[in-house]
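No hydrogens, no waters, no symmetry mates; every other heavy atom, side chains included, goes into these values.
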Amino acid sequence: IRRRIPGDVDWYTDAVGLVRDVAFDRDDAGNLTFRAKGVGPLDLVARRVVGYPAGTKFVDKRGPSDTVIAAYVEENVATSATIALGRYASGVTSGFSVAAAAGGGTTWDGSRHMQNVLTTIQGISLQTADVEFRINTTVGGGSVAWEFETVTPQIGTDRSATIIFSEAMGNLGSPKYANAKAVARNPVFVLGPGEKADRIVIIANSLTRQAGSPWALAETTHEATQERTGASLANVGATKLEQTKPYVEFAFAPIETQATRYGRDYFLGDTVTAIAQDGTVLTLRVIGVTIRSDGGTGAETISLDVRVLR
């Protein structure tokens, strides 16, 4: 997707994807509508599973989280995804490579036999909270090259001190604020391998969350029979706690101003600040951008998906 800001930013590539679905419709008046649905390049990773025998080094891993993520992708999506290496079937993707990991991020320990590769690495990123990933795409000369890259601690730039959205500044519209606690679960009983009385069970518990209210206790369980070590079971519990924590939700419609323009002043992945209706200052991460363009005038409507960090 190519985009420009007239009189400000020249044409640039804002997003790259793969067109997967195409449809044509004609109504009774003879008007023809064309629709194309695309997916991002990470869909290439989502098409693979960790396709090696259980108990091998390609399934069971321990090490810096960026190194583990890069290994899972290299061994199942890139040039190493071969039967000769031990994979059940070749998973080599044309033009796909993996950049060398820097050896950063929290140590991760786990086993992911026959699980989806994208789901696996998303879980590792969520759990460790200090490594992310992306695919850099090069198009030209009739070919496409895809390079998978891990990034620590996160993609994007912290612009929270300079990019501020508020109704008073005229760049924040339709604000919506919610403090959601009903989804919270604590503790988590992680159910490991074994049967009956011999089954391994560990408890992941947030004392801070539990101390927040005398009625905060809300137990849940999570199956983790594929895990082989106490450390990997603890990692699963930490991930489940993260997924079921109470959260603050904030949404708004960004209004383009000379001080805050998407594609010039802030970008996907950046950290920004927003001021809610009651004056609460929120630090937000831009995790999604939707741009709608009027076919007649070229006017854009921009929507942001954000995650509240604090």
Minimum heavy-atom distance between Leu172 and Ile275, given as atom pair plus value = CD1-O, 4.1 Å
Taking the side chain as every heavy atom from C-beta outward, state whether Phe58 and Arg87 have any pair of such atoms under 4.5 Å apart.
-> no
Please name the pair of heavy atoms, one in Asp10 and one in Arg4, separated by the smallest distance, quoted to 0.1 Å.
-> C-CB, 3.8 Å
Treating Ile, Leu, Val, Met, Phe, Trp and Tyr as nodes and any side-chain heavy-atom pair under 4.5 angstrom as an edge, say whether Ile124 and Val49 lie in one connected cluster.
-> no
Evaluate the side-chain proximity of Thr157 to Tyr266: yes if any heavy-atom separation is below 4.5 Å, no if none is.
-> no
Name of the residue among Lys57, Lys61, Arg112 meeting salt bridge (Lys or Arg N to Asp or Glu O under 4.0 Å) with Glu75 | Lys61
Kindly give the heavy-atom pair with the smallest separation between Pro64 and Gly104, and that separation in Å.
-> CB-O, 3.5 Å
Apply side-chain contact (heavy atoms from CB on, under 4.5 Å) to Val272 and Thr260, showing your working.
-> CA-CA 11 Å; Val272 300; Thr260 52; over 6 Å; no
Should Met169 and Thr257 count as side-chain neighbours, where that means a heavy-atom distance under 4.5 Å?
-> no
Do His222 and Thr239 pass the side-chain contact (heavy atoms from CB on, under 4.5 Å) test, and can you show the C-alpha distance, the side-chain angles, and the key distance before you say yes or no?
-> CA-CA 10 Å; His222 186 78; Thr239 300; over 6 Å; no
Specify whether Tyr72 and Trp108 have parallel, tilted or perpendicular ring planes, treating 30° as the upper limit for parallel and 60° as the lower limit for perpendicular.
-> perpendicular
Contacts satisfying side-chain hydrogen bond (donor to acceptor under 3.5 Å, both in side chains) that involve residues 189-198 (not counting sequence neighbours) are none
Considering only NZ, NE, NH1 and NH2 on the basic side and carboxylate oxygens on the acidic side, decide whether Arg134 and Glu147 come within less than 4.0 Å.
-> no
Flag side-chain contact, heavy atom, 4.5 Å: Val248 against Tyr177 = yes
Does any N or O in the side chain of Asn186 come within less than 3.5 Å of the main-chain N or O of Ser206, such that one atom is a donor and the other an acceptor?
-> yes
Could you tell me whether the side chain of Asp66 and the main chain of Val131 form a donor-acceptor pair under 3.5 Å?
-> no
Check whether any side-chain N or O of Thr273 sits under 3.5 Å from a backbone N or O of Ser160 as a donor-acceptor pair, and report yes or no.
-> yes
Would you indicate whether the side-chain heavy atoms of Thr137 and Thr13 approach each other to under 4.5 Å?
-> no
Asp109: what forms a side chain to side chain donor-acceptor pair (under 3.5 Å) with it, not counting sequence neighbours?
-> Arg62, Thr229
OG1 on Thr301 to CD on Glu256, rounded to 0.5 Å | 10.0 Å
Distance in Å, Leu268 CG paired with Leu304 CG, rounded so as to fall on 0.5 Å steps | 9.5 Å
Report yes or no: does Arg261 contribute a side-chain atom to a donor-acceptor pair with the main-chain N or O of Asp265 at less than 3.5 Å?
-> no
For a salt bridge (Lys or Arg N to Asp or Glu O under 4.0 Å) with Asp270, tell me which candidate from Arg264, Arg307, Arg159 qualifies.
-> Arg159
Report the distance from atom CG of Leu42 to atom CD1 of Ile121, rounding to the nearest 0.5 Å.
-> 6.5 Å
Locate the shortest heavy-atom distance separating Ser303 from Arg292; write the atom from each residue and the value.
-> OG-NH1, 3.8 Å
So do Leu217 and Pro187 actually touch side chain to side chain, heavy atoms under 4.5 Å?
-> yes
How long is the span from the CE atom in Met114 to the OH atom in Tyr52, to the nearest 0.5 Å?
-> 11.5 Å
Please check if the side chain of Asp130 supplies one atom and the backbone of Thr106 the other of a donor-acceptor pair under 3.5 Å.
-> yes
Kindly assign one of parallel, tilted or perpendicular to the pair Phe165 and Phe252, based on the angle between their ring planes and the thresholds 30° and 60°.
-> tilted
Close side-chain approach of Lys240 to Val190, heavy-atom, < 4.5 Å = no
Do the charged groups of Arg199 and Glu223 touch, with an N to O distance under 4.0 Å?
-> yes
Under-4.0 Å salt bridge between Glu132 and Arg285 = yes
Expected output: side-chain Ser213 to main-chain Gln210 donor-acceptor under 3.5 Å | no
Asp27 vs Thr33, side-chain contact (heavy atoms from CB on, under 4.5 Å): CA-CA, chis, key distance, verdict | CA-CA 8 Å; Asp27 63 20; Thr33 301; over 6 Å; no
Ile287 and Val306: CA distance, side-chain angles, deciding distance, side-chain contact (heavy atoms from CB on, under 4.5 Å) verdict = CA-CA 5 Å; Ile287 60 173; Val306 297; 5.7 Å; no
For residues Arg48 and Thr93, determine if any side-chain heavy atom of one lies less than 4.5 Å from a side-chain heavy atom of the other.
-> yes
One should read off an interatomic distance between Tyr247 OH and Lys181 NZ, to the nearest 0.5 angstrom, of 13.0 Å
In this structure, are over 12 heavy atoms from other groups packed under 6.0 Å from Arg20 atom CZ?
-> no
Counting N and O atoms only, with roles assigned by atom type, does the side chain of Glu227 sit under 3.5 Å from a partner on the main chain of Pro193, one being a donor and the other an acceptor?
-> no
With rounding to the nearest 0.5 Å, note down the distance linking CG in Asp14 to CD1 in Ile291.
-> 5.0 Å
